[in-house]
Structures are given as C-alpha cells and as structure tokens.
Amino acid sequence: MSRVYNFSAGPAVLPEEVLLEAQEEMMDYRGCGMSVMEMSHRSKMFDDIIQEAEADFRDLVGISDDYSVLFLQGGGSLQFAAVPMNLMKNRVADYIITGQWAKKAWQEAALFGKANKLASSEDKTFSYIPDCSDLPVSPEADYVYICENNTIYGTKYWKLPNTKGKLLVSDVSSCFLSEPLDVTKYGVVYGGVQKNIGPAGMVIAIVRKDLITDDVLPGTPTMMKYKTQADNGSMYNTPNCYCIYICGKVFKWLKKMGGLSVMKERNEKKAKLLYDYLDASKLFRGTVVKEDRSLMNVPFVTGDKDLDAKFVKEATAAGLENLKGHRTVGGMRASIYNAMPYEGVEALVAFMKKFEEENL
Ligand SMILES: *Cc1c(COP(=O)(O)O)cnc(C)c1O
C-alpha cells in the first residue's frame, strides 16, 4: 500500500486510523453481518451510530441544548438557499463577500429577497478580509452572512464582524473543527463535511432552536425546513448513513487527539512551517494579506504560470498531490486540514526548497 500526501481542498485527506477502522468493519459491522452501507437507517444499529455521532460532536464543540445539530444533504450549496428560506422573514439580509462561496450564497439569497452586499474584498481578488468593525448593517436585515474561511483564496476571519445585534450566519466548511468554535456567537453555523471532517455529501448545520419554526418563506420545500429536519432527528428521509458513520469516527479521533484547542495548536504549527518558508523564499510567495491568512488553505505562486505548472507536475511525481490552485485563481494551493500530518507539510516545504534551488 502506498499513500500520497494529499493537499486537496475537498474532498480531502482523512485520518488513516479512521479509514483502517472502516475497512475492518466493512464486511461485518460489529457482528451484524453487513456493512453500514447496507443497513436500514431505521435499525437500532444505525440509530446508535447517529446518536453517538451527534453526542460526540456536541461534546467536542461544546454545544448547549439551545442549539439543534442537523445532518443534511445537498452540500454547502443547498444551504445558500436554506438559510434565506428559513431566516429571511423581512426579506432583507446583508452579505459580506470575501470569495466565491460567499458570492454564490449572496446570489442565491437574491432569489428570495433583498440581499445587500455589505462589504467586499473583490477589489483585490479576495486577498484580505474587510474591516467589519463598523459596517452599515441594514436596520431591517434578518441576518448578516459570512464565509468564515475562504477555501479558494486562503483568507480567514480572525475576528467576527460586528453585526450590531443582528443574527450572524456563517459558512465554516473549510475550517470546521480546525479550532474551537463558540456557537453562541451565531444564529446558524454550518459546513460541508468534505473539507475537514468526512466524505462528501453532507452538511452539518448548528441552528439556534428559537430560529427553527414553521414561519419560513412560502414555497419552502418540506425537506429544506430546518423544522422538518430537527423534528425528525435528521431522518425525515434516508440520511447519508455512511457519511454520518465516518464523521462519527472522525469526531472520536478528534477527541482522542485532545479536542479542538489541541487541533488548533497543531494546525498553527503546520501552517507556520509553510508560511515562514513562503515569507523567506525568493521564488514562491503567499497571495494573502498576512493578518488574514487561513490555517487550512494556503495559496501561493511563483509569478510565472509555466513555472507553477512545472512545480505542480513535479510535486505530483514526488507524491505531493492536488497542489494546483483553484481554476479561477491559478498558482498553487496547499490545503492542510486536520488529517494532514506535520510530516506532510515538512515534505512539501523540503520539496519547495529543492525546487527553488533548481529553478531560481
Ligand atoms: C466547498 C465549499 C462550499 C460548497 O460545498 P458543496 O458541498 O460542494 O456544495 C461552500 N462553502 C465553502 C466555504 C466551501 O469551501
């Protein structure tokens, strides 16, 4: 067996321990004679899996009974519609545009009401987070929306915006469980799990219970009402059973690793290794304003497209995969999520140093 260092932005690297456990349980899950993929979602076996996953997730993040935890399908992208359908009572919301995912969410919300662009960093190719300490929040806004870690551009909000009392809604897809999360700061906080938690095909939404009502926009599909999902324990229909099972294992792995504060320290250490090298390099440079740098997604360039392509090709041959930047920005991007070991970043930096020597 040979495993590469996988720097994919998502779907992305998973802990090897979790994959091995899943492999072991594939044919016969705990003596029931079938795999988790084959069992009824109404079975006692699966009920234990989903209950335990939710309990471990709540414990890991520290989520009180004031919030519901929902395991939903349709990806982060369906939440772009679910958020306005469930929350846009006045049909007004303010969006801070820090990248493509925030922009897509804003465009989707405009289908349902007045979606204001409260601030944006598009003027400098989303390479920074705007100052959000005193924005002109709309008095009638139902919520203020952010994308907290910008997967494509590699920026992160290190301070949440001042929403002037309005609900904060946040997409944390690419920084989910990479650091402690104070859910009490949010009305809704959600993330697709395929970036930093599990396989593709599921979103975890943490929704404040008082926001879960029948008072949704007319025409909201039953499946997209948070209330339907909350009332049915995320099993109104068949959920993504296998994904829930793998995520449950990842929650246990994270607890075993020491929890989210420990993960943050580990992630800081990994990111520092790469950023320090980028800051010292004469060939490569990071593309993001230093104070807004993400710990998870690190974009960088040489400034020469052909050299970038050569780098990606040679890195791949050396077992460092998926380093090509997003198709809309070019260059390179290393996603160094929770499951990327420190040794993986060491290998990347060593390879970059060698490439620099050979190509400068
Ligand atoms: C990947 C990503 C999405 C989209 O997720 P899908 O599951 O493909 O819909 C949304 N937001 C952020 C921040 C992402 O990184």
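Atoms within each ligand, like the ligands themselves, are counted from 1 in listed order.
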- Starting from atom 2 (C) of ligand 1, locate the nearest protein heavy atom and write down its residue, its atom name and how far away it is, to 0.1 Å. Lys195 NZ, 2.4 Å
- Do any N/O atoms on Gly76 end up under 3.5 angstrom from N/O atoms on ligand 1? yes
- Message: List ligand 1 atoms under 4.0 Å from Phe80, heavy atoms only on the residue side.
- Response: 10 (C)
- What is the closest protein heavy atom to atom 11 (N) of ligand 1, and at what distance does it sit? Asp171 OD2, 2.6 Å
- Note on the structure: Interatomic distance, CG@Leu320 vs CZ@Phe311, rounded to 0.5 Å, equals 7.5 Å
- Under 4.0 Å from a heavy atom of Gly75: give me the atoms of ligand 1 that qualify, with their elements. 7 (O), 9 (O)
- Co-membership, hydrophobic cluster, residues Phe251 and Val36, 4.5 Å side-chain: yes
- Taking the inter-plane angle between the rings of Trp101 and Phe80 on a 0 to 90° scale, is it parallel (under 30°), tilted (30 to 60°) or perpendicular (over 60°)? tilted
- Should Asn149 be counted as touching ligand 1, given the test is an N or O pair under 3.5 Å? no
- Evaluate the criterion ring-ring contact (aromatic ring centres under 6.0 Å, His included) for residue pair Phe176 and Tyr190; output intermediate values, then yes/no. CA-CA 8 Å; Phe176 218 175; Tyr190 74 86; 8.8 Å; no
- Part of Lys104 within contact of ligand 1 (heavy atoms, under 4.0 Å): neither
- Taking the six-membered ring of Trp158 (Phe, Tyr or Trp), confirm whether the NZ or CZ of Lys156 is under 6.0 Å from its centre and within 45° of its axis. yes
- Query: Of the protein's non-hydrogen atoms, which lies at the shortest distance from atom 9 (O) of ligand 1, and what is that distance?
  - Reply: Ser77 OG, 2.6 Å
- Task: Scan Phe71, Phe46, Tyr29 and name whichever one has a ring-ring contact (aromatic ring centres under 6.0 Å, His included) with Tyr245.
- Result: Tyr29
- With a 4.0 Å cut-off, would you call Glu356 and Lys282 a salt bridge? no
- Message: Closer than 4.0 Å to some heavy atom of Gln194 - which atoms of ligand 1 meet that?
- Response: 5 (O), 6 (P), 7 (O), 8 (O)
- Please could you name the atoms of ligand 1 that Cys147 approaches to less than 4.0 Å, counting only its heavy atoms? 13 (C)
